[in-house]
Structure formats: structure tokens, C-alpha cells
Amino acid sequence: MNAQTEMLTMAGPAGLIELAIDRPETAPRGSAVIAHPHPLHGGTLTNKVVQTLARACVLSGWTAVRFNFRGVGASEGVYDEGRGELDDLLAVVAAQASEGPLCLAGFSFGAFVTSHAAARLHTSRDIQRLVLIGTAASRFEVAAVPAELHTRTLVVHGEQDDTVPLPSVMDWARPQVLPVTVVPGGGHFFHGQLPMLRELVLRHLRA
């Protein structure tokens, strides 16, 4: 994490939620809330892909808000199979990104939870960008992306992802006619390809 990263806690539905906030050097264009991978498999707000997303957000002028789901790090509570984690994400949005343009981003399990947050919030909030990386479509019921958000959505998946096979993401995206950006040779954690991932996200956020 950067020396400028602000660490704090806030009240959440299951107790305290741990946050990490990074701010751009100029006036922010909005707030980006970023969700991490599976809490029971080592997912935290310091995950390399999550940090890459935060960096891309800050470089493109967004305030990046990462947080630990319940039961992770200093966040209180216990794992709730995505239901309580959605409540956590919505609580972070309400407290840290309550108004103005909103970007929602998530990796793996975090992309699954983020999909449901977007479905819940799109009628009431100005969701400018949606970023779903390594979306856990083989393991969870990922929500469909609202049609009006399709042009604002970036879905990235590794061709050789052996945690969430690419065909499962294509099966989720196909009925929606939602484009998927495939990284050739990419695995679930994009080892050796994080700079490329950052550039893909930067291009999307700056468009």
C-alpha cells in the first residue's frame, strides 16, 4: 500500500468494517468502491489485483475505497456466503460514496458481490463505471448487468483461468450480449500481467 493510503474503520451491519482509501492528486471525479476475493480463501483488500484496480482508479482521477468484508482483517463478523457481504458493500457505498459519480469494481468473489450491488443501486445512483475482473460465475449466481450499464462495463477474464473457467463467464455474458475482454494466457490472478490489467482498466475509466 502507498504511504498516502488512509486506513480507518466504520460501522457496518455486522460490526466494524476496515477501509483503505487512496485519493487522486486533483479533485476527484467520483468515488470507486472495490471488492476483494473470497474471504475464506485469503481474499483481502491488499490482494494484488485489488491494489491494481485501486491504482488504476486513482490514476484516472477517482477516490479508491477498498474494504475488508466481514470477518477479514479488522472487519468484524463472519462469512455469509455473499448475502452479508453485499450488505457490507452497500454500507461502504452509503458511508464513503454517498453522492456523486460512482464506480463499482470487484475481483473474483468481489465481482460477484459487486454485480448484485450494481443491480441494486443502478436506479438510484449514477454508476459511471462497472469493472468486473475474474468474475466468479462458476461458483456463484452472478447478477446480470443492467442493460443501461453495458457500455459502462468492463469484464476481464484470463484465458487460462483454472479457478473460474472462461466458459462459465461466457455462459453468463452470452444471454446479455455483454462483451468480455479475454487476456491471452492469463490465469485467475493475472501473474505477470498486472500492468496489462491496469492499462485495460485505465483505458476504460478514462473513456
Between Tyr79 and His38, is the gap from one ring center to the other below 6.0 Å?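 Between Tyr79 and His38, the centre distance is under 6.0 Å.
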
For [Y], is there any backbone N or O sitting under 3.5 Å from a side-chain donor or acceptor partner on [X]?
X	Y	result
Thr44	Thr46	yes
Ser115	Phe112	yes
Glu85	Gly82	yes
Arg70	Ile17	no
Ser75	Gly71	no
Glu159	Gly185	yes
Gln128	Pro101	no
Asp161	Gly187	no

Treat each ILVMFWY residue as a node, draw an edge where side-chain heavy atoms are under 4.5 Å apart, and state whether [X] and [Y] are in one component.
X	Y	value
Leu130	Leu178	yes
Ile21	Leu89	yes
Val50	Trp62	yes
Val156	Val180	no
Val65	Leu16	no

Look at the aromatic rings of His36 and Phe67 and report parallel, tilted or perpendicular, splitting at 30° and 60°.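 Taking Phe67 first and then His36, their aromatic rings sit tilted (interplane angle of 30° to 60°).
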
Could you grab the distance from atom [atom1] of [X] to atom [atom2] of [Y], nearest 0.5 Å is fine?
X	Y	atom1	atom2	answer
Ser138	Leu166	OG	CG	11.0 Å
Leu104	His116	CG	NE2	13.0 Å
Thr181	Met196	OG1	CE	11.5 Å
Glu76	Thr9	CD	OG1	8.5 Å
Leu197	Arg55	CG	CZ	14.5 Å
Cys57	Arg198	SG	CZ	12.0 Å

Side-chain touch [X]/[Y], heavy atoms, less than 4.5 angstrom:
X	Y	answer
Val155	Trp172	yes
Leu132	Val145	yes
Leu194	Val49	yes
Asp88	Asn68	no
Ser108	Ile133	no

Measure across [X] and [Y] and return the closest heavy-atom pair with its distance rounded to 0.1 Å.
X	Y	result
Ala137	Val164	N-CG1, 3.7 Å
Ser60	Arg29	O-CD, 3.1 Å
His157	Val169	CE1-CG2, 3.3 Å
Leu53	Ala105	CD1-CB, 4.4 Å
Pro13	Ala91	CD-CB, 3.8 Å
Pro165	Ser168	O-OG, 2.7 Å

Kindly indicate, with the supporting measurements, whether the criterion side-chain contact (heavy atoms from CB on, under 4.5 Å) is fulfilled by Leu8 and Glu6. CA-CA 7 Å; Leu8 65 154; Glu6 179 185 357; 3.9 Å; yes

Pairing residues for Phe107 by the ring-ring contact (aromatic ring centres under 6.0 Å, His included) criterion, not counting sequence neighbours: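 With neighbours one apart ignored, the set is His188, Phe189.
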
Within 6.0 angstrom of Glu148 CD, more than 12 heavy atoms from elsewhere: yes

Is the number of heavy atoms from other residues, nucleotides or ligands within 6.0 Å of CZ (Arg125) greater than 12? yes

Evaluate Arg129 against Leu154 for side-chain contact (heavy atoms from CB on, under 4.5 Å), listing each step before the verdict. CA-CA 8 Å; Arg129 293 291 183 271; Leu154 174 67; over 6 Å; no

Looking at Asp22 and Arg66, does any basic side-chain N land under 4.0 Å from a carboxylate oxygen? yes

Evaluate the side-chain contact (heavy atoms from CB on, under 4.5 Å) criterion for residues Asp80 and Phe69: first the C-alpha distance (whole Å), next the side-chain angles of each, then the deciding distance (0.1 Å), finally the verdict. CA-CA 10 Å; Asp80 192 33; Phe69 285 124; over 6 Å; no

Decide side-chain contact (heavy atoms from CB on, under 4.5 Å) for Gln96 and Met10; before the verdict, give the C-alpha distance in whole Å, the side-chain angles of both, and the deciding distance to 0.1 Å. CA-CA 9 Å; Gln96 304 297 327; Met10 56 164 269; 3.8 Å; yes

For residues 200-207, run the donor-acceptor check on the side chains, cut-off 3.5 Å, and write out each pair with its distance to 0.1 Å, sequence neighbours left out.
residue, atom, partner, partner atom, Å
His204, NE2, Arg152, O, 2.9
Arg206, NH2, Leu59, O, 3.4

